[in-house]
Amino acid sequence: MGIQANGSSETKPLKFLIYGRTGWIGGLLGKLCQSQSIDYSYASGRLQDRASLEADIASVNPTHVFNAAGVTGRPNVDWCESHKVETIRTNVAGTLTLADVCREKGLVLINYATGCIFEYDEGHPLGSGVGFKEEDSPNFIGSFYSKTKAMVEDLLKNYENVCTLRVRMPISSDLSNPRNFITKITRYEKVVDIPNSMTILDELLPISIEMAKRNLTGIWNFTNPGVVSHNEILEMYRDYIDPNFTWKNFTLEEQAKVIVAPRSNNELDATKLKTEFPELLSIKESLIQNVFKPNQKTSAA
């Protein structure tokens with residue numbers, strides 16, 4: 001089976017092989033497949049073990065492979081600073097091995113990557129509305145996590161079967177999930193207040209399944225159009241969820257004293273995704289429609 005990339009439709013029934021069963025995105029993908037009656041299997045192989053990946057594909061015979069496995073660190077990316085070999089093993093060696101096996105088998109790989117490989121700069125100033133495009137080279141390697149992700153993205157450009165999705169600060173309607181960006185910042189003692197591009201999973205994960213159906217490949221900024229700041233999100237949280245909620249801000253300089261590695265802040269240009277999927281909501285619209293209204297506990301909003 002040859003790779004049918006970018007826009008060709010499938011003729012055989014869909015069968016998805018998903019890596020990352022125990023992860024947040026991997027778990028949500030399985031539920032989406034169930035709701036759409038798409039046949040799927042979770043992989044049992046380890047990304048860095050080529051023979052186990054080949055065995056998975058031989059056993060499942062998928063039409064598409066999804067990679068939602070990877071090391072982000074617990075409780076956060078600072079873990080990667082002191083576990084560099086483990087981070088390389090999965091995020092670099094593992095991801096490349098999976099891409100290579102999929103190419104050999106003629107399979108499109110949907111790879112959930114990161115957009116935390118950029119930071120605001122002179123050409124893309126904070127508040128300007130000028131976002132980084134898919135073809136822009138990463139300019140943020142402040143954390144080892146981001147450094148490995150930037151390396152892999154660059155190498156994966158050579159694999160015509162890979163669809164790289166740049167996810168940022170993922171959010172879902174499950175406000176109890178500790179991986180949810182909203183849940184994280186509501187629990188922090190203090191937060192910075194910087195506009196950023198973000199990914200609403202309730203809206204974008206179904207789009208990633210549609211991208212697989214369309215056999216889209218290449219790099220995609222996988223965020224809702226526009227930016228939203230920490231304070232804007234917390235104001236929505238107060239208005240829709242908890243009217244008594246309060247928070248404190250601190251500066252990037254103050255934040256730097258309590259984290260090991262710097263964090264990425266940027267705006268990604270979502271024009272390419274919006275052109276392919278015109279129904280895509282802006283980040284603030286999507287937050288209200290997909291996250292806050294379904295969870296609304298106040299009458300004042």
Side-chain angles (χ1 to χ4, degrees), residues 6-7 24-25 28-29 32 110-140 146 149 153 163-175 180-182 184-185 192-214 216-237 239-240 263-295 301:
N6 283 331
W24 182 23
I25 288 177
L28 290 174
L29 271 176
L32 276 172
I110 307 291
N111 185 49
Y112 297 93
T114 184
C116 291
I117 51 178
F118 296 97
E119 62 181 343
Y120 291 116
D121 62 12
E122 284 185 9
H124 311 79
L126 190 154
S128 67
V130 178
F132 292 92
K133 292 184 165 65
E134 280 79 2
E135 57 271 21
D136 289 332
S137 296
N139 70 344
F140 176 78
S146 291
K149 291 289 192 173
E153 182 184 281
C163 180
T164 293
L165 303 179
R166 289 174 174 167
V167 175
R168 285 210 80 233
M169 298 177 166
I171 291 168
S172 84
S173 56
D174 178 8
L175 295 179
N180 191 333
F181 180 74
I182 296 175
K184 284 182 180 180
I185 64 173
V192 294
D193 182 35
I194 303 171
N196 270 284
S197 287
M198 301 187 191
T199 302
I200 307 295
L201 296 176
D202 302 70
E203 183 175 13
L204 282 161
L205 283 188
I207 283 177
S208 68
I209 288 177
E210 181 59 32
M211 293 175 84
K213 292 177 182 177
R214 298 181 191 182
L216 298 174
T217 54
I219 296 172
W220 296 77
N221 287 338
F222 203 59
T223 56
N224 292 83
V227 292
V228 65
S229 71
H230 298 64
N231 280 8
E232 286 173 321
I233 290 177
L234 293 174
E235 285 163 9
M236 291 180 195
Y237 186 86
D239 293 345
Y240 283 89
R263 301 295 194 260
S264 156
N265 292 288
N266 69 55
E267 176 172 355
L268 299 181
D269 185 329
T271 302
K272 181 179 175 182
L273 192 65
K274 176 78 173 174
T275 302
E276 185 74 27
F277 298 95
E279 69 276 15
L280 183 63
L281 296 176
S282 72
I283 183 61
K284 291 174 186 175
E285 290 175 311
S286 193
L287 274 166
I288 292 169
Q289 184 170 313
N290 293 303
V291 180
F292 287 114
K293 280 193 173 173
N295 283 292

Please confirm whether the backbone N or O of [Y] pairs with a side-chain atom of [X], one donor and one acceptor, at under 3.5 Å?
| X | Y | result |
| --- | --- | --- |
| Asn111 | Leu165 | no |
| Lys272 | Ile219 | yes |
| Asn224 | Leu281 | yes |
| Asp202 | Ser173 | yes |
| Thr199 | Leu201 | no |
| Asn221 | Leu268 | no |
| Asp193 | Asn231 | yes |
| Glu276 | Leu273 | no |
| Glu203 | Ile200 | no |
| Arg168 | Glu267 | no |

Shortest non-hydrogen separation from [X] to [Y] and the atoms involved:
| X | Y | result |
| --- | --- | --- |
| Ser208 | Phe222 | CB-CZ, 3.7 Å |
| Lys274 | Pro225 | CD-CG, 4.4 Å |
| Met198 | Ile171 | SD-CD1, 3.7 Å |
| Trp24 | Pro170 | CH2-O, 3.6 Å |
| Lys284 | Val227 | CE-O, 3.4 Å |
| Ser264 | Gly115 | OG-O, 4.3 Å |

Centroid-centroid under 6.0 Å between Phe132 and Phe118 rings: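 Here the rings of Phe118 and Phe132 have centres that are less than 6.0 Å from each other.
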Check: His230 ring centre within less than 6.0 Å of Phe181 ring centre: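 When the ring centroids of His230 and Phe181 are compared, they turn out to be within the sub-6.0 Å range.
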How many angstroms lie between [atom1] in [X] and [atom2] in [Y], if you round to the nearest 0.5 Å?
| X | Y | atom1 | atom2 | value |
| --- | --- | --- | --- | --- |
| Ser146 | Glu119 | OG | CD | 9.5 Å |
| Phe140 | Ile117 | CZ | CD1 | 11.0 Å |
| Glu134 | Trp220 | CD | CH2 | 7.5 Å |
| Met211 | Ile209 | CE | CD1 | 12.0 Å |
| Thr114 | Glu153 | OG1 | CD | 9.5 Å |
| Leu204 | Ser172 | CG | OG | 12.0 Å |

Steps toward side-chain contact (heavy atoms from CB on, under 4.5 Å) verdict (Ile182, Ile233): CA-CA 7 Å; Ile182 296 175; Ile233 290 177; 3.8 Å; yes
Using a 4.5 Å cut-off on heavy atoms from C-beta on, say whether the side chain of [Y] contacts that of [X].
| X | Y | result |
| --- | --- | --- |
| Ile185 | Tyr237 | no |
| Pro206 | Phe277 | no |
| Val228 | Asn196 | no |

Qualifying side chain to side chain donor-acceptor pair (under 3.5 Å) pairs, either residue in residues 122-131, two or more places apart: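 Pairs touching residues 122-131 that pass the test: Asp121-His124.
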Residues Ser286 and Gln289: side-chain donor-acceptor under 3.5 angstrom: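 Side chains of Ser286 and Gln289: no pair found under 3.5 Å.
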Donor + acceptor pair across side chains of Thr271, Asp269 (<3.5 Å):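 Checked: Thr271/Asp269 side chains pair up, N/O donor to acceptor below 3.5 Å.
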Worked check of side-chain contact (heavy atoms from CB on, under 4.5 Å) between Val291 and Leu175: CA-CA 8 Å; Val291 180; Leu175 295 179; 4.0 Å; yes
Pair Tyr112-Leu29, side-chain contact (heavy atoms from CB on, under 4.5 Å): steps then yes or no: CA-CA 11 Å; Tyr112 297 93; Leu29 271 176; 3.4 Å; yes
